[in-house]
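So the structure is just underneath, and the comments pick up after that.
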Amino acid sequence: MRAYIISDSSDDDKGCDIVFANTVREAKKLTGYTPIDVDRYIDLRVARYPQFDGLENASEIELAEAKWREGWWFEHDSQHMPDPEVSTVKEFLDWYNTE
């Protein structure tokens, strides 16, 4: 399946999320299953995110690791998040599992 990134074009502070679908239309329908709350449908932004293609069956921790490698930030203690350029997966997992 293809990966799509969903966000609110009127408010970048709401963040974004990943959904998996075959088409953009299918991805838009999945918005209700994400933490992204879009006030107006016209503000819904859906774009291809091929870096995550094929991860639809990944566990939460595998998806978190992939997001970390891509430079995503997490609500959990982001200032102490290991740097993906120099840190190991074990360091990330130790940090991630301290939630």
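Worth knowing before you read on, the calculation uses all heavy atoms, side chains too, and leaves out hydrogens, waters and symmetry mates.
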Residues that F20 engages under ring-ring contact (aromatic ring centres under 6.0 Å, His included), provided they are two or more places apart:
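F20 satisfies ring-ring contact (aromatic ring centres under 6.0 Å, His included) with no other residue.
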
Least distance between heavy atoms, [X] atom then [Y] atom:
| X | Y | result |
| --- | --- | --- |
| I61 | Y96 | CD1-CD2, 3.0 Å |
| R69 | T88 | NH2-C, 4.2 Å |
| P82 | S87 | CB-OG, 3.3 Å |
| A27 | V46 | CB-CG1, 3.8 Å |
| L63 | A58 | N-CB, 4.3 Å |
| I5 | C16 | CD1-SG, 3.7 Å |

I'd like to know if the side chain of S10 reaches the main chain of D43, judged simply by a donor and an acceptor atom lying under 3.5 Å from each other, with no hydrogens or angles considered.
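A pair under 3.5 Å: no.
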
I'd like to know if [Y] and [X] are part of one continuous hydrophobic network [Ile/Leu/Val/Met/Phe/Trp/Tyr, side-chain heavy atoms within less than 4.5 Å].
| X | Y | result |
| --- | --- | --- |
| F52 | V89 | no |
| V24 | I18 | no |
| W68 | V86 | no |

Using 4.0 Å as the upper bound for N to carboxylate O, is an ion pair formed by D17 and K67?
yes

Can you tell me how far [atom2] of [Y] sits from [atom1] of [X], rounded to the nearest 0.5 angstrom?
| X | Y | atom1 | atom2 | value |
| --- | --- | --- | --- | --- |
| D53 | M1 | CG | CE | 11.0 Å |
| K29 | T23 | NZ | OG1 | 7.5 Å |
| I6 | K14 | CD1 | NZ | 13.0 Å |
| E70 | Q51 | CD | CD | 4.5 Å |

Verdict with reasoning, D94 to T98, per side-chain contact (heavy atoms from CB on, under 4.5 Å):
CA-CA 7 Å; D94 290 344; T98 60; 5.8 Å; no

Audit row: D8, L44, side-chain contact (heavy atoms from CB on, under 4.5 Å) steps and yes/no:
CA-CA 5 Å; D8 184 337; L44 177 62; over 6 Å; no

Evaluate the ring planes of W72 and Y49, with Trp represented by its six-membered ring, and classify them as parallel (under 30°), tilted (30 to 60°) or perpendicular (over 60°).
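Correct class here is perpendicular.
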
Are R45 and D12 close enough that some pair of their side-chain heavy atoms sits under 4.5 Å apart?
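Result yes, sub-4.5 Å side-chain heavy-atom pair found.
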
Would a 4.5 Å heavy-atom cut-off, applied to side chains only, mark Y4 and R2 as touching?
yes

